[in-house]
Amino acid sequence: MHDPRALLDPGNEAVRRLARRGYTLDSAALEELLSSRNSGIKTADDLRAESKKLAGEVGKTAKAGGDVTALKERARELKDEIKQAEERAEAASADLRDLMLNIPNLPLDTLPDGFSDEDATEVRRWGTPPQFDFTPRDHVELGERTGILDFARATKLSGPRFRVARGAGAALERGLASFFLDLHTREHGYTEFSVPHLVMPSALLGTGQLPKFEEDLFRTAAGTRDLYLIPTAEVPLTNLHADEIVEPGDLPLAYTAWTPCFRSEAGSYGRDTRGLIRLHEFEKVEMVRIVAADSSQNELEKLVGHAEAVLQKLGLAHRTILLAAGDTGFGAQMTYDVEVWLPGQDTYREISSCSDCGQFQARRANIRTRTDEGKREFVATLNGSGLPIGRTMAAVLENGQQADGSIVLPEVLTRYTGFSTIHADGKTD
RNA sequence: GGAGGCGUCGCCUAGUCCGGUCUAUGGCGCCCGCCUGCUAAGCGGGUUUGGGGUUUAUCCCCCAUCGCGAGUUCAAAUCUCGCCGCCUCCGCCA
């Protein structure tokens, strides 16, 4: 969410910047809502001041033995006027809030123009895609032939877009998660968290999934509780400090958590229907950074570096792209995607998305800190995948496949899995 | 799920029975100043948060804020109802 006054400040060029992502800002409507809310508040406040004064007079007059019937009559009238003024102010306030909650973040001017991943700027590449003297299989075929992935039975249990991992596959998932967490906590300075996977609507409002993207979420109901399954650990991790003032000396905060992520994938019917790429439920290690507002750009470079480091330790070829203004997510002002090479698809595919949200989420979630002068100020928040378990497993399987049908794992994983090769029959050593 | 207790300005706390003098008491902490070779002590002052108006480096004024929300009343920290959270005991449970 933005500060409405800042959005109306011509110096911020909000109209032009939002247009780059296809959002048309109606400044006139915004200005009208803001001034009508403010004048409503003023009117109600002034009437309340008069009412308070009158109540005091009633008390004094009564004590002195005077007649208070006229005063009381006027006070009752005033009460009705206050109620009406409050209702007007409340209505304008609610309309303003609805509008504000649906305005996306301002993309930074450094982002390329455009609306799709084809408009992104490639920032750097690392490693060389492996060459095969046979036609490489995709991870679905590799997983099913070795018996470590079972999509048919997952469908039997839960319908499309789920996975069952078995034996070495399940161990590999667990090993990947442990490896990611160890790397981030020991070498990148993150604090590991275990967090709830069900959250209240207020948390999703804070990070920007609600109210606009409700259809992307799984919603649960039990008794009077109304809880959502988290689509990413970004939600609980960022909202840990909602409604708090974080001491400046504690910044930057660097948090990581391994959680399942639940996404309805509404609107993506027919896309990536095979395999581990797009599931309703997947596991991910997420990184969140809560930082001073003026350092968010530097912090984004660190964050994306941490995501890239995971792939480098795994020896997986990847590239990093800067998303176009129109392709950047609702809450972000700048996003890097890291894409890993998938031999089965003969292309780079997104494996991490690292975003600088500026103060956008902090204002929604009310996360603040203090400036040097002791004034309260919203922090900046960043989040990035580090990494998703499923897509990483797909990359590990596809990149490590051998002519004989076996899969050689990255060396760094062997101490986590206890094996370095998955043979064609699913056995390991 | 049952019974009881508690929720006040960063922390602790007075006030709630019996509505107006609450512009919420006091202590701790913190900030500013005075005093003093230095430090400590002492003395004086300040210190909830959010919004609006005015002005815009300031200041000033107003409104709201005693867990949250509704109600009664001219007037609510105080009375009524609902909800939430925490604590203790019982039941159930991984």
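Chain identifiers are assigned alphabetically (A, B, ...) following the order of the sequence lines, protein sequences preceding nucleic acid strands; residue numbering begins at 1 within each chain. Everything quoted here is computed from the prediction, not taken from an experiment.
Closest to the A/Arg37 side chain, of the nucleotides B/rG51, B/rC63, B/rC74, is B/rG51. In this structure, of B/rA64, B/rG50, B/rC74, it is B/rA64 that holds the atom nearest to the side chain of A/Lys52. Across B/rA64, B/rU73, B/rG51, the shortest atom-to-atom separation from the side chain of A/Lys79 is found for B/rU73. Comparing B/rC74, B/rG51, B/rG53 by their closest approach to the side chain of A/Asn38 singles out B/rG53. Among the nucleotides B/rG52, B/rC63, B/rC74, the one closest to any side-chain atom of A/Arg48 is B/rC63. Of the candidate nucleotides B/rC74, B/rU49, B/rG51, B/rG51 has the atom nearest to the side chain of A/Asp45.
Look at CG on A/Leu47: it is 18 Å from P on B/rG52, rounded to the nearest Å.
For A/Gly59 and A/Arg370, each mapped to the nucleotide of RNA chain B holding its nearest heavy atom, the one lying further toward the 5' end belongs to A/Gly59.
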Inset, instruction - Could you walk me through whether A/Ser420 and A/Thr414 pass the side chain to side chain donor-acceptor pair (under 3.5 Å) test, one step at a time? - result: CA-CA 5 Å; A/Ser420 56; A/Thr414 57; over 6 Å; no
Inset, instruction - Check step by step if salt bridge (charged side-chain N to carboxylate O under 4.0 Å, His left out) holds for A/Asp216 and A/Arg263. - result: CA-CA 6 Å; A/Asp216 294 336; A/Arg263 300 185 181 180; over 6 Å; no
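Between the side chain of A/Asp46 and the base of B/rG53, no donor-acceptor pair under 3.5 Å is found.
When atom types are taken as modelled, the side chain of A/Thr232 and the backbone of A/Glu234 share a donor-acceptor pair closer than 3.5 angstrom.
Aromatic rings from A/Phe262 and A/His280 are positioned such that their centres are separated by 6.0 Å or more.
Heavy atoms of A/Ala55 sit under 4.0 angstrom from at least one base atom. When heavy atoms are screened at a 4.0 angstrom cut-off, A/Arg74 is found touching no nucleic acid atom at all.
Judged by Watson-Crick or G-U wobble contacts below 3.5 Å, the nucleotide B/rC86 has B/rG5 as its partner. The pairing partner recorded for B/rA64 is B/rU49, the criterion being a Watson-Crick or G-U wobble arrangement whose two distances lie under 3.5 angstrom. With a cut-off of 3.5 Å on both Watson-Crick or G-U wobble distances, the partner of B/rC79 is given as B/rG71.
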